[in-house]
Protein chains: 2
Amino acid sequence: MAMATAESERPARVSGIDKIERRRIALAESALKTLGELGYARTSLREIANNSEFTHGVVHYYFRDKIDLISYCVRYYKTKCARRYDEVVETAGSGDELVTGFLAKMIQTLVEETPMHKLWYDLRAQSMFEEQLRPDVEAIDQLLEEMIWRILSRYADLTGTAPTVDAPTAYALVDGLFEQAVVGYAANPDKTPDLLTDRLLQVLPKLVAA
Amino acid sequence: MAMATAESERPARVSGIDKIERRRIALAESALKTLGELGYARTSLREIANNSEFTHGVVHYYFRDKIDLISYCVRYYKTKCARRYDEVVETAGSGDELVTGFLAKMIQTLVEETPMHKLWYDLRAQSMFEEQLRPDVEAIDQLLEEMIWRILSRYADLTGTAPTVDAPTAYALVDGLFEQAVVGYAANPDKTPDLLTDRLLQVLPKLVAA
DNA sequence: GACTTTGTTTGACACTTGTCAAGAAATCTC
DNA sequence: GAGATTTCTTGACAAGTGTCAAACAAAGTC
């Protein structure tokens, strides 16, 4: 019973670490589901535990505190989302094909993973008030910026042009449109995907030039 | 004791409704101050009351419940922010002058009213989870969109061009850049204003064409 | 087998939250 | 002035929070 307040002490067992990591992932996945539905502010550790196969005590066995859990969730989440368009970027043979594939994937994730995107914008807002979230949020933002930049660069390549904005600008623009769509999706799930497509089609060509 | 003497501050007689409205505004202003600092999630009614000259019971005398207060705050806030650039739009005599004035005002509000902007992005995120906030948030979004559109239209006029994107698109783009700046301002208050200026200068000309 | 380590449940703690109500104080009405 | 009305304070409430720790179960080790 010496480890009740688990500091930086680690159970020195390799297979154990693996098992621990597995549990943490399971907890994180469950937490992400709840977080995506309720948002950061309204999600409690008990609620997370309730929507999982574990009890609320287990959460504290695997995570130091709430921020530690959320932090882990955010980091886990980021590994799943920033490579979403890689295949499209690599396989597209023309500018049009790239744009089409990119838009299709973006609409797909907007529709199928709405809760995750809502959570992301929520967490980014929370990071303005909760310093502990900032590093993780910044890291994801960086990843997303690079993701957009890969797409824009490739698009320029395929169309024999060059980007006319830098990476942070391109990301902010596309992200602005996407966030607008995520927010609007709640009120208008039917129209929103087409609107987003339309708007991106307006904008993308303006971000490159010969 | 203090009764007979100085009453310089107290308005002698105000009609009941007016007085109530005055109190609500005072409460709202106090609440906005606290909300801007702590964010929606971490702001309690008691905290609001503590940072004001009232006690926590008064809040419930003037507002039905918490959402009623926040709602009122949001509506009060919106009346103060969406006309921020009107003077610039009306007085600018050339495209350059308009852009310069617009950028100056935007940087100014970014720096001087950071908490309000943080709160706004927080509240917009919360509205995705809390339905009662949605109507107010939508109304503000609409106002901001119109504000941006007035600027872009005028800019087009002054430069003998026409906008090449529609109003929602223009708003999403500018808002994406501004939100990026608000989030970044916490980590990097020195560089951020210049970066935002630079990025807007990159983008604005692309939103009009002859 | 018995013993130790690891994992889990359960229940408690101290605290904060929104809400409300009873009464005090100030204000208004006559 | 006295009485009625509005405004405010205070204290309480039930519910929910993060956190922790002691009892319990399981698994691993000798």
Side-chain angles (χ1 to χ4, degrees), chain A residues 1-7 9-27 30-31 34-35 38-73 126 130 132-133, chain B residues 1-7 9-27 30-31 34-35 38-73 126 130 132-133:
Chain A
M1 229 23 267
M3 306 193 40
T5 54
E7 304 265 334
E9 193 174 344
R10 308 243 164 142
R13 195 190 307 261
V14 182
S15 66
I17 287 190
D18 221 34
K19 202 175 170 196
I20 285 185
E21 207 50 33
R22 213 165 291 194
R23 270 278 188 275
R24 301 182 95 177
I25 289 179
L27 258 327
S30 200
T34 308
L35 282 164
L38 303 182
Y40 177 88
R42 276 159 292 283
T43 301
S44 69
L45 294 183
R46 279 175 172 78
E47 192 67 33
I48 289 173
N50 273 349
N51 293 11
S52 80
E53 49 178 336
F54 311 103
T55 56
H56 69 274
V58 183
V59 178
H60 258 84
Y61 185 77
Y62 288 100
F63 296 96
R64 197 179 341 104
D65 54 19
K66 191 183 182 181
I67 288 285
D68 190 27
L69 166 63
I70 305 278
S71 221
Y72 186 89
C73 287
Q126 295 315 310
E130 190 107 36
Q132 303 180 70
L133 285 176
Chain B
M1 357 194 301
M3 252 182 75
T5 54
E7 304 187 338
E9 279 211 319
R10 195 158 299 185
R13 175 85 97 79
V14 200
S15 82
I17 301 271
D18 227 36
K19 198 178 172 196
I20 285 185
E21 208 49 34
R22 212 164 291 201
R23 270 280 187 272
R24 300 181 96 178
I25 289 179
L27 258 328
S30 201
T34 308
L35 281 164
L38 303 181
Y40 177 88
R42 276 159 291 285
T43 301
S44 69
L45 295 183
R46 279 175 172 79
E47 191 67 32
I48 290 173
N50 272 350
N51 294 10
S52 79
E53 48 178 337
F54 311 103
T55 55
H56 69 275
V58 183
V59 178
H60 257 84
Y61 185 78
Y62 289 98
F63 295 97
R64 200 177 339 104
D65 54 20
K66 190 183 183 181
I67 289 285
D68 190 28
L69 167 63
I70 305 278
S71 221
Y72 186 90
C73 286
Q126 295 315 307
E130 190 108 35
Q132 303 179 71
L133 285 176

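Side-chain atoms are counted along with the backbone in the values below, which use heavy atoms only and exclude waters and symmetry mates. A, B, ... follow the sequence lines: proteins, then strands. Residue 1 opens every chain.
- If you take NZ of K66(A) and P of dT19(D), they are 8 Å apart, rounded to a whole angstrom.
- For Y61(B), counting side-chain heavy atoms from C-beta on, the closest listed nucleotide (dT7(D), dT10(C), dC20(C)) is dT7(D).
- When the nucleotides dG11(D), dT19(D), dT8(C) are ranked by their closest atom to the side chain of V58(A), dT8(C) comes out on top.
- Note that CG of L69(B) is 11.5 Å distant from CZ of R64(B), once rounded to the nearest 0.5 Å.
- Within residues 43-52 of chain A, the residues approached by DNA chain D to less than 4.0 Å at the level of any non-hydrogen atom are S44(A), L45(A), R46(A), in residue-number order.
- R42(A) has its CZ atom 12 Å from the P atom of dT17(D), to the nearest Å.
- Listed nucleotides dG7(C), dC8(D), dC20(D) differ in distance to Y62(A); the shortest reach to its side chain belongs to dG7(C).
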Exercise. Apply side chain to side chain contact (heavy atoms under 4.5 Å, CB included) to H56(A) and E47(A), showing your working.
Key: CA-CA 8 Å; H56(A) 69 274; E47(A) 192 67 33; over 6 Å; no
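- Atom-to-atom, CZ of F54(A) to P of dT10(C) comes out at 14 Å; the value is rounded to the nearest Å.
- Atom CD1 of residue I67(A) and atom CG of residue L133(A) lie 5.0 Å apart, to the nearest 0.5 angstrom.
- Taking both residues in full, the closest heavy atoms of L27(B) and F54(B) are given as CD1-CD1, 3.6 Å, listed atom of the first, atom of the second, then distance.
- Minimum interatomic distance between A49(A) and V59(A) (heavy atoms only, all atoms of both residues): CB-CG2, 4.4 Å.
- Between H56(B) atom NE2 and dT17(C) atom P there is a gap of 11 Å when expressed in whole angstrom units.
- For the pair L45(B)/H60(B), a side-chain contact is recorded, criterion being any heavy-atom separation below 4.5 Å from C-beta on.
- Rounded to a whole Å, the CG atom of L27(B) is 13 Å from the C1' atom of dT7(D).
- Between D68(B) atom CG and dG18(C) atom P the separation is 14 Å, expressed in whole Å.
- Between Y40(A) and E130(A), the shortest heavy-atom distance links the atoms OH-OE1, 3.4 Å.
- Here dA14(D) presents its C1' atom at 17 Å from CG of D65(B), a figure rounded to the nearest Å.
- Of the side-chain N and O atoms in R23(B), one or more sit less than 4.0 angstrom from OP1 or OP2 of dC8(D).
- As a whole-Å value, the separation of H60(B) NE2 from dT17(C) C1' is 11 Å.
- Distance from the side chain of T55(B) is smallest to dT9(D) among dC20(D), dG7(C), dT9(D).
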